[in-house]
Amino acid sequence: MADEKELRYDPATIEQKWLERWAADPKLYAAEPATSNRPKYYVLEMLPYPSGQLHMGHVRNYAIGDALARQMWMRGYNVLHPMGWDAFGLPAENAALKNNTPPREWTLANIAAMKRQMLRLGLSYDWATEVATCLPEYYRWNQWFFLRMVEKGLVYRKKSKVNWCPECATVLANEQVVNGCCWRHEDTLVEQRDLEQWFLRITAYAQELLDGLDKLDGWPEKVRTMQRNWIGRSEGTEVDFGLEGSPKKIRVFTTRVDTIFGATSVQLAPEHPLIKEFAASDAKLKEQVEKLLEEQRKAREEGDVGAIEKHGVPTGRFAINPYSGERVQIWVGNYILMDYGTGAIMSVPAHDERDFEFATKYGIEIRQVIQPVQDKDGATLLPFCSEDGVLVNSGEYDGKTCAQAQKLLQESATLQGFGEAKVIFRLKDWGVSRQRYWGTPIPMIHCERCGLVPVPDEQLPVILPERIEITQQGGSPLGRVPDFVNATCPRCGGAARRETDTMDTFVDSSWYFYRYTDARNTKVPFDPVTAQYWFPIDQYIGGVEHAILHLIYSRFWTKMMRDLGMIKNDEPAQRLFTQGMVIKDGAKMSKSKGNVVSPDDMVARYGADATRMYALFAAPPDRDLDWQEDGVAGVSRFLGRVWRVVTKHAQLAKSASARAAAPNGRDLRRTPEGNPTEVKLRRKLHQTSAKITQDFTGRWHFNTCVAAIMELVNELQNADAQLTSGEVSAPAVGELLRTLVLLLAPFAPFLAAELWEELGEDGAVLRAPWPTSDPELAKEDEIEIPVQINGKLVNVVKVPAGSDAKGIEAAALADEKVRSRTAGKNVAKVIVVPGRAVNLVVK
RNA sequence: GCGGAAGUGGUGAAAUGGCAAACACACCAGCCUUAGGAGCUGGCGCCCAAAAGGCUUGCGGGUUCAAGUCCCGCCUUCCGCACCA
């Protein structure tokens, strides 16, 4: 009875044993220093927010990274595989309100819990480099970078309209507004408020951030496209229209200055300063403008901007076209945005769809000034928006192509001083102020005499006070801590007030991966030499939801650090992989859908190996993954078969004769010899290892890697009798089982460690060399060739491997079925693809 | 509206232009008994009683000796962007 239990694969016991062993060996997953003679490989998974619970999306993300890291170790690389915590942020404050737990305590407890879960999963992180962004040892460097950016003129403060989430009671960056709602509160509409804010000048890098995308060919095209759209570069012209009866000018931005002779009105945004001016002396206009503004706000908040019906009112004022001197009405329109371009446009109804719609509605003149190159004679269907035409009704510019006219008009504007060529970006500067407690204090001091004064480096870190009452009232919580607020001005020594806003948490995650390379440095954020050894990251892995936020900020930060002379690389990550979502019952796993599967449950029932391996087996990593518990059970049963087949024959594999003939299973004869089963099994083995290596290095289809291991194990199982009887030689058994375990190691590290030991091997399987495949042994000696007649499959013939076209053709023509089908017919042509197929063209 | 990805058995999926459905899950039949979330054997796209045969990768065309794969048009689903002047 007692022995029987041992015949069962028991993941709980095996995994517990190895957890203890690994815990006793903290250097197991440590990278070698930069002096290592192995090639470096930096594999990184996006650091999680410490919510306290891993979810399946994390498990999938980390299973992918871990399989890669382990395989790279086995292939001889010096691997850096770190993990950390994106530990600042609002949930800690909410938890404090709810449970009366200090944010720091709550966060650290969550980190401890999630770390336990990660350890339980057997993830190969070097915890010596662990980083938690909420600790002063980390966030002091956020402050340090902030000061460097102040010096570089990359920080400024301005009062501006900002996105305000009433739920978070704080400001959001543009990137954090999703469909008009808060990215953390999908149902909470974002409001616009006027506030003094700190901004980072990310737009200084707009062009470089855009250009760099072309070189990031290791990034998914999807992410690059999203970033391009977000940066939104647009080439055009700025032109000053005159304001009738005033020396003032109205500057408009247009990408189609060639259509300017067709401008029949000028449209201003409701928030345009001139509109305010007009409205001041015109109560009726004021009322109308407010209505337009309200419509615009509503549409923006509903995320339905494109669908809003265009409205506008004439202001009664007129603008003067600087090229023609023509006088056109000035309107205010609800479809004009103040925060793009100049907040003013020239309206050319004949050549712009929106302007056309507007003009049609209000009976504004529609004047064609571009004649399409095609259908020169017939009436043009307006609006005609293509640039494939020539100018008409445009004075001296008539007959020019659109491109020629744009150039000439720009030159003329520059010459006469009423305009110029201009490139504008949709990307806005990064507002980093947050009126929250649990974040990095912004290291600035407000002095009544000296103004804004940076905190000197030697006074860093500006420590976030820990004893603080979290309340729900608005405004920065730090403002209610006198010990924090009251400061001495570093410049004049007088009494001053400390800045009470904290930094956006995306600052934390913009550079954390550099800190990993030198995580305990107390002098500088990281040692440049060490960082240069590891950077750029060879493979970054995470969810596509960070395509714009985190990934654009990180690129900016890297360029900024490069310009500080701290690093040499222009981009943080060479390759980026975005894994698919974890789905259950047709929907993304989420608490609100009630379809969450707990990783702890899975690990408890099936073990960490089975849980991780299922996450890799059920779909290729870039696709969405449908979580089916039966599938996990299936993988667990498979691991049981592996366990049985290896333990059953382990004695033979490590027998004296097997070792003597083939230490490590490596020196076996390199030509296929032995009894047919042995030849067949070794062939399958070498085919499997070739396939896995290929799928691993090439296209990252871990699901087919796992399937290949399953096929191998199925063959071993089918040959159980021959293995038991000794028909297969001991050295061959040794090679088979050892290699199987090595191939399994990146996917099921616990079982691999256990079986590696079972096979009598010392040392970590992680440090054993990755199996190489011998093409000679992998080669089939007979292959099946499908024979088609007119493209239809008729039969399959066997020919010796390496048969030439002639031999294959002969075999095909000799086949019974083929002969009966071709009898009495004319075989017009025979196409032979050696090793692949034969097709007979029969008439 | 624009851009991207995807559409293959009951399910997850596989297939350098060359035998569609590997590997699994579920299901069915049988064996085993320590009655388990265990193990083993076999079956499992559709039509046909079976065999023979035929049909089959969202729909319609095309290229090719040969198309799930390449090209054109359409449909559906998901994702991103969306008055960006």
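In what follows, every chain begins at residue 1, and chains take the letters A, B, ... in the order their sequences are listed. Just the heavy atoms: all of them, side chains too, but no hydrogens, waters or symmetry mates, feed the values below.
The existence of a salt bridge linking A/E235 and A/K422 is excluded, since no basic side-chain nitrogen approaches an acidic carboxylate oxygen closer than 4.0 Å. Salt-bridge formation is not detected for the pair A/K310/A/E295: no Lys NZ or Arg NE/NH1/NH2 atom is positioned less than 4.0 Å from an Asp or Glu carboxylate oxygen. For A/D695 and A/R699, the salt-bridge test passes: some basic side-chain N is under 4.0 Å from an acidic carboxylate O.
Among the atoms of the strands shown, base atoms are found under 4.0 Å from some heavy atom of A/Q788. As judged by a 4.0 angstrom heavy-atom cut-off over every strand, A/D355 is placed among residues making no nucleic acid contact. At a threshold of 4.0 angstrom between heavy atoms, the contacts of A/F617 include nucleobase atoms, whether or not backbone atoms are also involved. No contact: A/A633 has no heavy atom under 4.0 Å from any strand. Residue A/R224 is classed as having no contact, given no heavy-atom separation below 4.0 Å to the nucleic acid.
When atom types are taken as modelled, the side chain of A/Q687 and the backbone of A/A778 share a donor-acceptor pair closer than 3.5 angstrom.
Put simply, the side chain of A/K428 reaches to within 4.5 Å of the side chain of A/D339, judged on heavy atoms.
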Fill in: Structure string for RNA chain B in dot-bracket form, Watson-Crick and G-U at under 3.5 Å, | interchain
(((((((..(((.....[....))).(((((.......))))).(((.....)))..(((((..]....))))))))))))....
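Between A/R426 and B/A85 there is no side-chain polar atom (N or O) within less than 4.0 angstrom of OP1 or OP2. Within the structure, every side-chain polar atom (N or O) of A/N703 is placed at least 4.0 Å from both OP1 and OP2 of B/C23.
With its glycosidic angle more than 90° from 0, B/G61 adopts the anti conformation.
For the pair A/I345 and A/A707, both in contact range of RNA chain B, the more 5′-proximal nearest nucleotide belongs to A/A707.
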